Structures are given as C-alpha cells and as structure tokens.
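Here's the structure we're looking at; comments come further down.
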Amino acid sequence: MAIVLFIVVCLVLMLGYPVALTLAGVALLFAGVSSLFGVFDTSLLGVLPNRLYGVINNPILMAVPLFVFMGVVLEKSKVAEQLLTSMAELFGQFRGGLIFSVFFVGMLLAASTGIVGATVVTMGLMSLPSLLKRGYDPAFSAGAICATGTLGQIIPPSIALVLLGDVLSNAYQQAQLQMGIFSPKSVSVGDLFAGALLPGLLLLVLYCLYTLLLIRFKPEQFPESGEARRVDLGFILQTLCALVPPLLLIFMVLGSILFGVATPTEAASVGAFGALVIALIKRQMSVSILKEVMINTTKVTSMVFLILIGASIFSLVFRGLGGDELIHQIFSNMPGGVIGATILVMLVIFLLGFILDFIEITFVVVPLVAPILLSMGLDPIWLGIMIAVNLQTSFLTPPFGFALFYLRGVTKDLVTSGQIYRGVIPFVIIQLVLMLILSVWPGLVTWLPSVIYG
C-alpha cells in the first residue's frame with residue numbers, strides 16, 4: 001500500500017493537480033481505505049495537530065519568508081541590471097567577456113535571491129538580447145543563462161539549503177537514535193552553507209573553464225566587442241556603486257551565519273532590511289513596489305508552508321503503512337551496500353526533479369530516505385550538498401528541466417526550444433562531473449564546516 005500510495009501521488013501530480021492538496025488528499029484517502037482493511041491505525045492521525053503546529057512554529061523556517069523578501073526586493077530594485085551593465089562595459093571589450101559578466105552577475109543574483117526561477121527569468125530578460133545582438137551563439141547563450149540561474153540551488157544563502165538543513169537535522173537525529181546514540185549531534189543550516197561554498201565556486205570555475213575552451217577552439221561563437229570603455233574615475237565609481245552593495249549584503253548575511261554571529265533567521269532579517277536600504281538608496285522603492293514585493297513574498301511563503309503541511313500528512317500516512325520499513329529493507333538488500341543505495345536515491349531524486357519542485361522533494365522524499373542513508377554512515381553535510389547539486393542538474397536537464405521552461409517562457413521570440421536544449425547539455429555534463437568530483441573527494445564539502453565549526 002505504501003508503494004501504491006507513492007505511485008498514485010506521482011500520477012496525480014503529473015495530471016496537474018496542486019502539490020500540497022495532492023499530497024494531503026491522496027494520503028488521507030489511502031488512510032481511510034487502508035483502515036477499512038485493517039492495515040492502517042487511524043489513531044496515528046491524532047498526532048497531526050502537534051506535527052502541524054511544529055511546522056508553523058519552527059524557528060528555522062521563519063528564515064524562508066525573510067530570504068524570499070530579500071530576493072524579491074533585489075529583483076525589483078534593478079540591482080542585477082545595473083551590475084550587469086557595469087560588468088559588460090568592463091569585460092565586454094574582450095572576446096567572450098560578456099559571458100563571463102553573465103556568470104559573475106548570475107552568481108551574485110543567485111546568492112541574493114536563492115530562487116532559481118527568479119534568477120533565470122531576470123538574467124534571460126536582461127542578458128540574452130544583448131548576447132544575441134553582439135553575435136554570440138544562441139544555443140550557448142541560452143545554456144549559460146539557464147546554468148547560471150540554477151546556481152541559486154547551491155550557492156548560499158540558498159532557500160533550498162535552508163529547507164534541506166531543517167529536514168536533514170531531523171533525519172540525522174533520527175538516524176543516530178536508530179544506531180543507539182542517545183546524545184545525538186545535529187547538523188545546521190550554517191553547516192550546509194559552509195559545505196556548499198567550495199562546490200558552488202568550483203562549479204562556477206568549471207563553467208568558466210568550459211567557456212575558455214570554446215573560445216580557444218570555436219572563437220567564431222564569441223565575437224569581439226567594438227570599442228573599449230575608457231576606465232576613468234567616473235567609470236570606477238559607477239562600477240563600485242553597482243558592485244559593493246550586493247557584495248556587502250551577501251557578506252553580512254552569509255558571514256554572520258558562518259561565523260556564528262547570527263542564526264539563519266536573524267541573518268535573513270538583516271538581509272531583508274539591507275535589501276530595503278539598497279533599494280531606497282537607489283531610489284527604486286515606492287509604495288506600489290513594496291506592495292508588489294509583499295504580495296509575491298506572501299505567495300511564495302504560503303506555497304512553501306502549505307506544501308510542508310501536505311508533506312507532513314503524506315509522510316505520516318506513508319510511515320503508518322509501513323513505508324519506512326519497506327525502504328529500509330530495500331536499501332539493506334541493495335547490491336553495493338551504501339554506495340548502491342546512494343546511487344539509487346540520487347537517480348530517483350534526479351527523475352523526480354522533472355515533475356516536482358525542490359520544495360516537494362525536500363519535504364516528501366528526503367525525510368523518507370535520508371535517515372536510512374545516514375544510519376548507513378553517510379555524512380549529513382555531504383548528503384545535503386549532493387542532493388542540492390543533483391536537483392540543480394535535474395532542473396537543467398532536457399526536456400523537462402524547470403529552468404528551461406522559465407527561460408523559454410520569457411524569450412520565445414529570441415531562441416527556440418531546440419537551441420536551449422543543445423545549449424544546456426554541456427552544462428549538465430559539467431554538473432555531473434562536479435557530482436563525481438564530490439563523490440571521490442568528499443572533503444571538498446566537509447572540510448570548510450569542520451574548520452569553521454570544529
């Protein structure tokens with residue numbers, strides 16, 4: 001019944017029904033039917049009020065609306081647009097310079113917003129017309145924008161890592177209790193932020209190296225710009241005014257978490273306030289814009305928490321039907337032990353990324369599989385970063401990647417779907433190479449958290 005429940009939920013989601021209502025509705029339907037056959041104890045549903053109160057009262061999840069607010073304010077205040085203009089003028093005179101500007105600005109925007117859709121749409125609207133106007137290859141340009149947009153999955157402060165941190169913390173404690181450790185250690189959002197820093201930067205370096213190779217062997221795809229912008233005092237001040245505010249804001253948010261000065265929620269509040277200050281200084285904030293920002297923030301936050309409530313109901317019914325014991329048996333009998341189990345989980349998450357957003361996968365799939373994998377000896381920080389990179393790769397893979405739909409939706413007249421698909425395939429391969437690198441050298445993930453937090 002547990003397997004049938006999971007399959008039915010996936011099928012109903014593919015029909016287009018709302019995720020949160022599907023998770024809760026199908027689970028409660030199965031609970032009712034299963035209780036008639038005596039395979040589900042309805043008294044388990046009595047713990048639902050406490051579980052739902054715990055979701056709403058979770059202090060870590062309070063960071064979500066604040067980070068969303070920060071990202072939406074930065075998007076509306078045109079910080080990224082001004083930064084891209086300055087970087088394009090600075091590097092655009094070199095062959096391929098505009099692409100490197102897109103990588104750099106996209107990384108900062110991803111770190112600022114933490115939302116894949118917002119980054120892809122913003123970068124697509126701002127940079128793709130300029131790239132095509134200067135004669136850059138359409139397929140590569142579209143692929144670079146999609147790949148840069150998905151950096152929001154892994155480069156902190158990422159909303160995906162905030163949600164993963166909360167789920168993995170509970171899973172890690174549950175795994176330790178199963179192993180007989182009754183004074184369990186915990187894993188925090190700060191651990192995941194620190195663990196994601198080096199892989200995120202390494203991924204950006206791999207993007208740049210791939211671009212340099214293309215410039216070397218296919219220079220016709222990267223035309224040289226015309227006139228070089230004269231670097232005078234005015235241009236330097238213009239560049240600094242565009243560059244310093246977002247960098248300072250990211251440093252305040254991320255640095256306060258990594259160095260233990262503030263909790264993720266406190267740091268998120270600093271980020272939200274700082275984004276407002278930047279928007280006011282740039283005179284890009286008004287009552288109407290603030291109203292739009294608050295409405296968008298409320299919509300995203302409501303979606304996150306409603307999905308989390310639906311996922312809580314689903315996981316409760318799934319466990320009541322013996323789903324967790326079934327998964328444990330499957331993993332225990334898996335050829336290759338922990339390696340085989342990890343590969344299976346990564347493959348399932350990758351495929352589910354075609355039909356589910358990272359929020360649903362984080363709240364539905366990760367709580368089911370993470371305790372078992374962690375009890376088999378995996379490091380929780382490494383597992384969290386691998387899941388984040390895996391989802392990032394899934395969102396980029398044709399033909400179902402979410403990032404491809406976002407870019408196609410705002411650039412219909414500029415590039416075709418075929419060009420987008422061709423352009424992203426090399427970047428998908430690069431991200432798979434990153435996952436292989438992290439598998440062979442897990443210290444790239446675990447070293448920085450161990451240095452910072454001992």
Side-chain angles (χ1 to χ4, degrees), residues 57-74 79 107-116 118-119 151-173 185-204 244-278 297 300-301 304 358-359 362 366 379-389 392 444-454:
N57 201 39
N58 191 328
I60 295 177
L61 294 180
M62 287 173 61
V64 172
L66 293 169
F67 275 130
V68 173
F69 182 87
M70 179 182 79
V72 177
V73 169
L74 290 177
V79 170
M107 179 195 69
L108 290 182
L109 186 61
S112 302
T113 64
I115 305 172
V116 171
T119 308
L151 287 173
Q153 278 293 116
I154 186 172
I155 291 184
S158 162
I159 294 175
L161 294 179
V162 172
L163 300 177
L164 267 174
D166 179 62
V167 172
L168 282 175
S169 177
N170 295 330
Y172 191 37
Q173 293 183 13
K185 299 178 182 178
S186 63
V187 56
S188 66
V189 174
D191 290 322
L192 288 186
F193 279 4
L197 208 52
L198 289 180
L201 294 176
L202 176 59
L203 184 58
L204 189 66
V244 170
L247 281 178
L248 183 61
L249 182 63
I250 293 169
F251 175 78
M252 289 170 58
V253 174
L254 188 57
S256 61
I257 296 174
L258 294 181
F259 295 111
V261 178
T263 65
T265 303
E266 293 166 346
S269 65
V270 171
F273 180 75
L276 272 178
V277 172
I278 291 174
T297 303
V300 174
T301 305
V304 171
F358 75 91
I359 301 172
T362 300
V366 177
D379 184 273
I381 302 174
W382 180 86
L383 179 61
I385 301 307
M386 288 293 285
I387 291 173
V389 177
Q392 180 183 357
L444 289 170
V445 174
T446 58
W447 173 75
L448 190 58
S450 67
V451 170
I452 295 177
Y453 300 108

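All figures in this text were calculated on a predicted structure; none of them were measured in a lab.
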Sequence neighbours excluded, which residues qualify as side chain to side chain donor-acceptor pair (under 3.5 Å) partners of S188?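 If we apply the side chain to side chain donor-acceptor pair (under 3.5 Å) test to S188, skipping adjacent residues, the hits are D191.
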List the residues meeting side chain to side chain contact (heavy atoms under 4.5 Å, CB included) with [X], not counting sequence neighbours, and say none if there are none.
X    : result
L198 : W447
A196 : I154, P156, L161, I385
N170 : D166

Least distance between heavy atoms, [X] atom then [Y] atom:
X    : Y    : value
V445 : W382 : CG1-CA, 3.7 Å
V189 : G165 : CG2-CA, 4.2 Å
I452 : A194 : CD1-CB, 4.1 Å
L168 : G384 : CD1-CA, 3.3 Å
A63  : V162 : CB-CG1, 4.4 Å

Sole candidate of V366, T362, L192 that passes side-chain contact (heavy atoms from CB on, under 4.5 Å) when paired with L163: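 Result for side-chain contact (heavy atoms from CB on, under 4.5 Å) with L163: T362.
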What side-chain donor-acceptor pairs closer than 3.5 Å can you find for residues 246-260, not counting sequence neighbours?
{"from": "S256", "atom 1": "OG", "to": "M252", "atom 2": "O", "distance (Å)": "2.7"}
{"from": "S256", "atom 1": "OG", "to": "V253", "atom 2": "O", "distance (Å)": "2.9"}

To the nearest 0.5 Å, what is the distance between [atom1] ([X]) and [atom2] ([Y])?
X    : Y    : atom1 : atom2 : value
L164 : I381 : CG    : CD1   : 12.5 Å
M62  : T263 : CE    : OG1   : 9.0 Å
L448 : F193 : CG    : CZ    : 13.0 Å

Residue pairs passing the side chain to side chain donor-acceptor pair (under 3.5 Å) test where at least one lies in residues 192-201, sequence neighbours excluded: none
Run the numbers on F69 and L276 for side chain to side chain contact (heavy atoms under 4.5 Å, CB included), then give the verdict. CA-CA 9 Å; F69 182 87; L276 272 178; 3.8 Å; yes
Student check: side-chain heavy atoms of L151 and Q392 closer than 4.5 Å: yes
So, do V261 and E266 sit near enough that their side-chain heavy atoms are less than 4.5 Å apart? no
